[in-house]
*Asks:* 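Please find one structure pasted underneath; my questions will follow.
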Number of protein chains: 2
Amino acid sequence: MASHECVQLVPIFNDLATNQLDTIESIVRHHHYPAGSTIFSASDALDTLMIVASGQVKVYQLAANGREQLLYLLQTGDIDGEAALFENQQRTSFGEALVPTEVCSIRREDFQNLMRQYPSISINVLNVFGKRLSQLERQTTRATTESVEARLANYLIETAAALKTDTFKLPLKKKDLATFLGTTPESISRKLALFEQQALITQKPGKIIQINDADQLLLTE
Amino acid sequence: MASHECVQLVPIFNDLATNQLDTIESIVRHHHYPAGSTIFSASDALDTLMIVASGQVKVYQLAANGREQLLYLLQTGDIDGEAALFENQQRTSFGEALVPTEVCSIRREDFQNLMRQYPSISINVLNVFGKRLSQLERQTTRATTESVEARLANYLIETAAALKTDTFKLPLKKKDLATFLGTTPESISRKLALFEQQALITQKPGKIIQINDADQLLLTE
DNA sequence: CGCGACTTTGAATAGCCTCAAGACATGTGG
DNA sequence: CCACATGTCTTGAGGCTATTCAAAGTCGCG
């Protein structure tokens, strides 16, 4: 793995010079997780900041009844663990590598020192927090006020927008997509079939989705 | 209104000395909102930090289908607007005073200066963010994985815990409570009647709820 | 190529929402 | 201080969406 691999990837270190990145890189630890392995669990101590260098991590919670809720899908450059960088807390969620994944971590104490040294970092972290909060607020609103159909339509539109293409491969298994959207794999199958029947999308083998009529899809209630 | 009224209330200014609080108080603006009035709307510019000095503010979003989702209930000492203290953004939610409410505000620019001057503030803000994120994550998980019955039971338990008493008055109209829990006023009525029938709670006139069996209530699925 | 995991499809059910009407409370003006 | 008006809450009946359970079909990995 190249030096800088993690540190360069992360927006929160954006404003720093190369030699400063070197400093940070030297206090970072590298980890590898095979597909399907657990990276952290609820009730683990939360005392490191985690950076995804490559791969894909699903972050989820378990409800009292055992059902799973997918909260975030972390990709290259995403971070997690910022929630308690200054307070002793326990994790409340689980992290699982969906594919082989490289992770770098910084201990809480080291990160606090970094923030004292480079104030721009704390401002960047605040911005990351802010975006995540806004995103979660929207997700909560949708989950509780809109139908499964509307939520799925929205997800397809947003995924296409993020990837800047009309044709893309679903980045998740239907099972995981279901827990993300707060529904079941069966319902997703049915709704996708419905969209296809309405000619709004085309499904191709390999979880490939092609969006034919984004405007109409957005009108789904 | 006394000086310091707002500034003293807010945990993010906890670590500052009295004369520093004076400085901050001098750059704060005071506002009064009658019950039922709108404090801010979605698409408003988000360029001030808001502190609730007294009263109660409901913060909600509107979904595409017009349905309302209550995200937060701000009480004395709570803040809002931190989400975009460093980036130009628009609001995505609405704020409405439920009772006569006093609010103080600090302009983004002034707050940025404060943070540069007193680094402890940014650390406190990060902690506030972290807690709000954790809370929203739990709320999202519950909203999408648990039944209306379980969500209501949980809400009652948590409210009782927060107020440190078994008997309390519901702080919201059923309509607002419904949008908070992602359900309808009718369903809340029915579930409360069910809990009472099971002797888990007792309802008294004036939205007073008495919890008789918290343990059993928590087991509601 | 075969096995296990994922996905699709079907039928039945359950939980929740909608709509509507009546009861209650709350606060206002006379 | 009472009477009334308005908004809020409760209760009932009906319908619909989404879940559950089960079984067959498909994909992809070793």
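Protein chains get the first letters and strands the later ones, always in sequence-line order, with residue 1 at the start of each.
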*Asks:* On the nucleotide C:dC16, are OP1 or OP2 found under 4.0 Å from the side-chain N or O atoms that B:Lys191 carries?
*Replies:*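 Yes, because at least one side-chain N or O of B:Lys191 sits under 4.0 Å from OP1 or OP2 of C:dC16.
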*Asks:* Could you tell me whether A:Glu137 and A:Arg142 make a salt bridge, using a distance below 4.0 angstrom between a side-chain N and a carboxylate O?
*Replies:*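 No salt bridge links A:Glu137 with A:Arg142.
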*Asks:* In whole angstrom, what separates B:Gln197's CD from D:dT11's P?
*Replies:*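 After rounding, the reported distance stands at 11 Å.
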*Asks:* Looking at A:Phe40, is its backbone amide N or carbonyl O close enough to the side chain of A:Thr38 to form a donor-acceptor pair, meaning the two atoms are under 3.5 Å apart?
*Replies:*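 No; zero donor-acceptor contacts below 3.5 Å.
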*Asks:* Given atom CZ of A:Arg67 and atom C1' of C:dG15, what is their separation to the nearest angstrom?
*Replies:*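 Computing the A:Arg67:CZ to C:dG15:C1' distance gives 13 Å.
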*Asks:* Taking only the side-chain nitrogens and oxygens of B:Thr184, find out if one of them lies under 4.0 Å from OP1 or OP2 of C:dC17.
*Replies:*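 Yes, because at least one side-chain N or O of B:Thr184 sits under 4.0 Å from OP1 or OP2 of C:dC17.
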*Asks:* Indicate whether OP1 or OP2 belonging to C:dA5 is found under 4.0 Å from a side-chain N or O atom of A:Lys174.
*Replies:*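 For C:dA5, neither OP1 nor OP2 has a side-chain N or O of A:Lys174 closer than 4.0 Å.
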*Asks:* Choose from D:dC9, C:dT7, C:dC16 the nucleotide whose nearest atom is closest to any side-chain atom of A:Lys207.
*Replies:*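 Side chain of A:Lys207 sits closest to C:dT7.
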*Asks:* Salt bridge between A:Asp47 and A:Arg107, side-chain N to carboxylate O under 4.0 Å?
*Replies:*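 The answer is no: the pair does not qualify as a salt bridge.
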*Asks:* Give a yes or no answer on whether the side chain of A:Glu146 reaches the backbone of B:Ala64 with a donor-acceptor pair at less than 3.5 Å.
*Replies:*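 Checked: pair present.
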*Asks:* Are any of A:Ser187's side-chain N or O atoms less than 4.0 Å away from OP1 or OP2 of D:dT19?
*Replies:*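 The answer is yes; a side-chain N or O of A:Ser187 sits under 4.0 Å from OP1 or OP2.
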*Asks:* From NZ of A:Lys175 over to C1' of C:dT7, roughly how many Å is that when rounded to an integer?
*Replies:*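 Whole-Å distance recorded here is 13 Å.
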*Asks:* Describe the nucleic acid contact of A:Gly182 in one word from base, sugar-phosphate, nothing, applying a heavy-atom distance below 4.0 Å.
*Replies:*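 Here A:Gly182 touches the backbone only, sparing every base.
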*Asks:* Whole-Å distance between C:dC6 C1' and A:Leu170 CG?
*Replies:*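 One finds 13 Å between C1' of C:dC6 and CG of A:Leu170, rounded.
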*Asks:* Rounded to the nearest angstrom, tell me the gap between atom CG in A:Leu98 and atom P in C:dA5.
*Replies:*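 A:Leu98 atom CG is separated from C:dA5 atom P by 17 Å.
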*Asks:* If you find the nucleotide of DNA chain D closest to A:Pro205 and the one closest to A:Ser147, which residue's nucleotide is nearer the 5' end?
*Replies:*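 Going by which nucleotide is closer to the 5' end, it is A:Ser147.
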*Asks:* Quiz question: going by heavy-atom distance under 3.5 Å, is there a donor-acceptor pair between the base of C:dG15 and the side chain of B:Arg190?
*Replies:*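 A donor-acceptor contact between them is absent.
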*Asks:* Could you state the atom-to-atom distance from NZ of B:Lys204 to P of C:dA25 in whole Å?
*Replies:*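 For the pair B:Lys204 NZ and C:dA25 P, the rounded distance is 15 Å.
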*Asks:* In whole Å, what is the span from the CG atom of A:Leu194 to the C1' atom of D:dA18?
*Replies:*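 The distance from CG of A:Leu194 to C1' of D:dA18 comes to 13 Å, rounded to the nearest Å.
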*Asks:* Measure from NZ on B:Lys169 to P on D:dC9 and round the result to the nearest Å.
*Replies:*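 One finds 11 Å between P of D:dC9 and NZ of B:Lys169, rounded.
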*Asks:* Going by an N to O cut-off under 4.0 Å, is there a salt bridge joining B:Arg91 and B:Asp80?
*Replies:*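 Judged by the 4.0 Å cut-off on N to carboxylate O distance, B:Arg91 and B:Asp80 do form a salt bridge.
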*Asks:* Does C:dC17 have OP1 or OP2 under 4.0 Å away from a side-chain N or O of B:Thr183?
*Replies:*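 For B:Thr183, the contact criterion (side-chain N or O under 4.0 Å from OP1 or OP2 of C:dC17) is met.
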*Asks:* Side-chain donor or acceptor of B:Glu186 under 3.5 Å from a matching atom on the base of C:dC19?
*Replies:*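 Check passes, donor-acceptor contact within cut-off.
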